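Below is one structure, written out as structure tokens; comments come after it.
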Amino acid sequence: MRESMPQTPIFPSMLGSTCSGQVQPEMGEQCGDPVYQDGSLVSGSLEVLIERLVPTLDYYPDKTYIFTFLLSARIFIHPYEILAKVGQMCIKQKQQLESGSEADKAKLKSFAAKIIQLLKEWTETFPFDFQDERARKVMKEIAQSITQCDEENGTIKKSISHMTQNVLLILSTRGQFQEVREKIRQPVSDKGTILKTKPQSAQKDILSVCSEPLILAQQLTTIELERLGNIYPEDLMQIISHMDSLDNHKCRSDVTKTYNLEAYDNWFNCLSMLVATEICKVVKKKQRTRVMEFFIDVARECFNIGNFNSMMAIISGMNLSPVARLKKTWSKVKTAKFDVLEHHMDPSSNFGNYRTALQGATQRSLSANSSREKIVIPVFNLFIKDIFFLHKIHSNCLPNGHINFKKFWEISRQIHDFLTWKQVECPYEKDKKIQTYLLTTPIYTEEALFLASFENEGPDNHMEKDSWKTLRSTLLNRA
């Protein structure tokens with residue numbers, strides 16, 4: 001995991017076919033637990049993998065292993081149960097040192113510092129494991145045991161107190177976010193606007209709020225980064241836990257709702273619908289053409305920034321049927337730039353063009369000197385699908401009962417890349433006026449979009465004429 005996690009080799013590319021079956025060990029490793037391949041851990045029993053997590057006087061697990069194990073083990077066992085097992089092993093080592101020679105007793109403080117470091121990394125990387133009261137109870141028991149190793153100076157006690165306060169602060173912040181999380185903007189069918197009884201001049205539109213494509217792209221990027229900041233590795237692994245529950249035809253009570261993922265997905269859909277609404281609500285063709293070209297320029301600026309998610313949302317909005325059918329309007333649009341954008345998002349070859357662009361943005365980010373060059377915001381739905389794909393084609397366990405750790409190295413690599421991207425400090429200042437418009441302005445339902453589209457450019461055939469009449473009647477009756 002690059003600079004912060006350099007000690008354990010991680011497979012540089014997608015996994016090979018051996019991952020879904022029995023690992024082919026090197027000579028002399030057939031009966032090993034754990035099993036290594038080219039110096040990398042590829043499988044092992046759960047108990048042995050937990051032992052590898054526990055520090056000793058002469059050993060401390062590297063960051064790659066801590067991250068990957070804590071990320072993946074929750075599929076097999078509750079985090080608080082892992083912590084309890086780690087605590088038992090640590091306390092046993094402590095007792096052995098206490099009953100040993102004076103030299104061993106002198107090493108207690110060093111051993112305790114390693115335990116504190118492990119807990120610190122755990123609480124910082126996976127703080128929401130400690131939402132579970134059982135996990136907090138176990139951590140308290142471990143803390144009470146190891147504080148005795150440094151009663152004179154109280155250094156360990158202070159470290160534990162500081163760590164606990166940080167966890168509680170993070171949990172409190174997330175609780176507040178979930179309470180006030182994005183009020184889902186309900187699509188509306190504004191009869192006055194759609195049926196043209198309201199003067200066009202009275203309608204506020206995106207160009208009246210922001211007429212500079214680069215500025216709007218930057219504001220979209222601030223929204224994206226803010227939402228990415230509320231997504232954690234636990235949220236992403238909940239997807240796998242949920243899929244396993246469905247595969248096993250049972251509902252796991254410990255699988256929490258992924259509010260942050262839902263809010264982010266909702267943002268993508270709202271942005272797509274906002275783009276379509278802004279286009280379809282414009283009555284005059286010349287102005288509608290201008291709005292279309294504006295959004296094309298915004299999408300291009302998003303691409304240049306590295307904000308692929310907003311770019312995809314804009315393209316999706318412009319490809320919605322109510323917008324795509326506006327042939328007279330499209331005939332006036334300079335579509336060369338739009339064609340280039342669609343080429344980047346061409347779904348053929350598993351979105352090969354997009355993946356090439358994403359790789360380029362990632363490389364730029366690694367060598368960047370400024371926050372502006374570090375921005376990488378992937379198409380989130382595709383990112384999730386990649387994790388889903390890895391999970392589905394490779395088994396969690398091998399025929400010998402070992403955990404298929406090679407699979408989880410790859411999943412953790414992708415998730416760690418995502419965490420690196422979301423931690424980039426946003427270089428753009430928020431524009432309250434623009435962001436308020438983007439987040440709160442009413443958007444049309446699919447029905448309302450179609451009706452507005454038909455009002456702007458009449459139906460082309462009998463099927464569209466029937467749909468138009470039905471939609472018009474439905475919306476008038478509701479009003």
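What you see is a predicted model; the values in this text were computed from it and never measured.
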Checklist entry - If you measure only the distance, is there a donor-acceptor pair under 3.5 Å linking the side chains of S348 and D346? => result yes
Checklist outcome for this item: Residues at least two apart in sequence or cross-chain that pass ring-ring contact (aromatic ring centres under 6.0 Å, His included) with F338, listed by chain then number, are W330
Next on the checklist: Closer than 4.0 angstrom, basic N to acidic O: yes or no for E224 and R227?
Outcome noted: no
Item to check | Within 45° cone and under 6.0 Å: R52 NZ/CZ vs Y65 ring | outcome: yes
Next on the checklist: Less than 6.0 angstrom from the centroid, inside 45 degrees of the normal: does K114 satisfy that with respect to the ring of Y59?
Outcome noted: no
Checklist entry - To the nearest 0.5 Å, what is the distance between CZ (R134) and CG (L83)? => result 12.0 Å
Checklist entry - Do the side chains of W409 and T64 get nearer than 4.5 Å, heavy atoms only? => result yes
Checklist entry - Between S310 and N307, do the side chains contain an N or O donor and an N or O acceptor separated by less than 3.5 Å? => result yes
Checklist entry - Under a 4.0 Å N-O cut-off, is there an ion pair linking R413 with D417? => result yes
Item to check | For F450, all residues meeting ring-ring contact (aromatic ring centres under 6.0 Å, His included), sequence neighbours excluded | outcome: none
Item to check | Salt bridge flag under 4.0 Å for residues D129 and R74 | outcome: yes
Item to check | Interatomic spacing from CG in L46 to CZ in F76 - rounded to 0.5 Å | outcome: 7.5 Å
Next on the checklist: Using every non-hydrogen atom in the two residues, find where M273 and Y444 come nearest and quote the distance to one decimal.
Outcome noted: CE-O, 3.1 Å
Checklist outcome for this item: dist H402:NE2 -> S43:OG (nearest 0.5 Å) comes out at 5.5 Å
Next on the checklist: Show the nearest heavy-atom pair for residues Y354 and V379, with the distance to one decimal.
Outcome noted: OH-N, 2.9 Å
Next on the checklist: Among residues at least two apart in sequence or on other chains, which ones pass ring-ring contact (aromatic ring centres under 6.0 Å, His included) with F295?
Outcome noted: none
Next on the checklist: Checking S272 against S316: is there a side-chain donor and acceptor pair closer than 3.5 Å?
Outcome noted: no
Item to check | F69 and F408 aromatic centres sub-6.0 Å | outcome: no
Item to check | salt bridge (Lys or Arg N to Asp or Glu O under 4.0 Å) against K430, all qualifying residues, sequence neighbours excluded | outcome: E226
Checklist outcome for this item: Residue pairs passing the salt bridge (Lys or Arg N to Asp or Glu O under 4.0 Å) test with at least one member in residues 431-444, sequence neighbours excluded, are none
Next on the checklist: Going by salt bridge (Lys or Arg N to Asp or Glu O under 4.0 Å), name the pairs with one or both residues in residues 348-360, residues two or more places apart or in two chains.
Outcome noted: R355-D386
Checklist entry - Mind checking whether F294 and P213 have side chains closer than 4.5 Å, heavy atoms only? => result yes
Item to check | For E447, all residues meeting salt bridge (Lys or Arg N to Asp or Glu O under 4.0 Å), sequence neighbours excluded | outcome: R478
Checklist entry - How long is the span from the CG atom in L326 to the CE atom in M292, to the nearest 0.5 Å? => result 5.0 Å
Checklist entry - Who passes side chain to side chain contact (heavy atoms under 4.5 Å, CB included) against I384, sequence neighbours left out? => result L236, I239, F380
Checklist entry - Is there side-chain contact between Y36 and L41, with heavy atoms separated by less than 4.5 Å? => result yes
Next on the checklist: When you compare the side chains of N319 and E342, does any donor N or O come within less than 3.5 Å of an acceptor on the partner?
Outcome noted: yes
Checklist outcome for this item: Residues at least two apart in sequence or cross-chain that pass salt bridge (Lys or Arg N to Asp or Glu O under 4.0 Å) with R325, listed by chain then number, are E464
Next on the checklist: When you compare the side chains of K407 and H391, does any donor N or O come within less than 3.5 Å of an acceptor on the partner?
Outcome noted: yes
Checklist entry - Can you tell me if E121 and Q117 form a side-chain donor-acceptor pair at under 3.5 Å? => result yes
Checklist entry - What do you reckon, is CD of E141 surrounded by more than 12 foreign heavy atoms closer than 6.0 Å? => result yes
Next on the checklist: Going by the rule salt bridge (Lys or Arg N to Asp or Glu O under 4.0 Å), which residues pair with K385 if we only count those two or more places apart in sequence or in a different chain?
Outcome noted: none
Item to check | Side chain proximity check, F130 to W122, heavy atoms < 4.5 angstrom | outcome: yes
Checklist entry - Roughly how far, to the nearest 0.5 Å, is the CG atom of D205 from the SG atom of C210? => result 11.5 Å
Checklist outcome for this item: When rounded to the nearest 0.5 Å, the distance separating CD of Q423 from CG of L419 is 6.0 Å
Checklist entry - Do the non-hydrogen side-chain atoms of I170 and F128 ever get within less than 4.5 Å of each other? => result yes
Distance-only check: which donor-acceptor pairs under 3.5 Å involve side-chain atoms of residues 370-377, not counting sequence neighbours?
residue, atom, partner, partner atom, Å
E373, OE1, N369, N, 3.4

Checklist outcome for this item: Between C426 and T222 the two heavy atoms that sit nearest each other are SG-CG2, 3.3 Å
Item to check | Closest heavy-atom pair and its distance - I415, P233 | outcome: CG2-CB, 4.0 Å
Item to check | Minimum heavy-atom distance between L438 and Q219, given as atom pair plus value | outcome: CD1-CB, 4.4 Å
Item to check | Residue pair L220 / C302, side-chain heavy-atom distance below 4.5 Å | outcome: yes
Next on the checklist: Tell me every residue that passes side-chain hydrogen bond (donor to acceptor under 3.5 Å, both in side chains) with R364, counting only those two or more places apart in sequence or in another chain.
Outcome noted: none
Next on the checklist: Salt bridge check, E81 against K85: does any charged N sit closer than 4.0 Å to a carboxylate O?
Outcome noted: no
Checklist outcome for this item: Minimal heavy-atom distance between P378 and F418, with the atoms involved, is CG-CD1, 4.4 Å
Item to check | Any P79 side-chain heavy atom under 4.5 Å of F126 side chain | outcome: no
Checklist entry - Are I50 and M89 close enough that some pair of their side-chain heavy atoms sits under 4.5 Å apart? => result yes
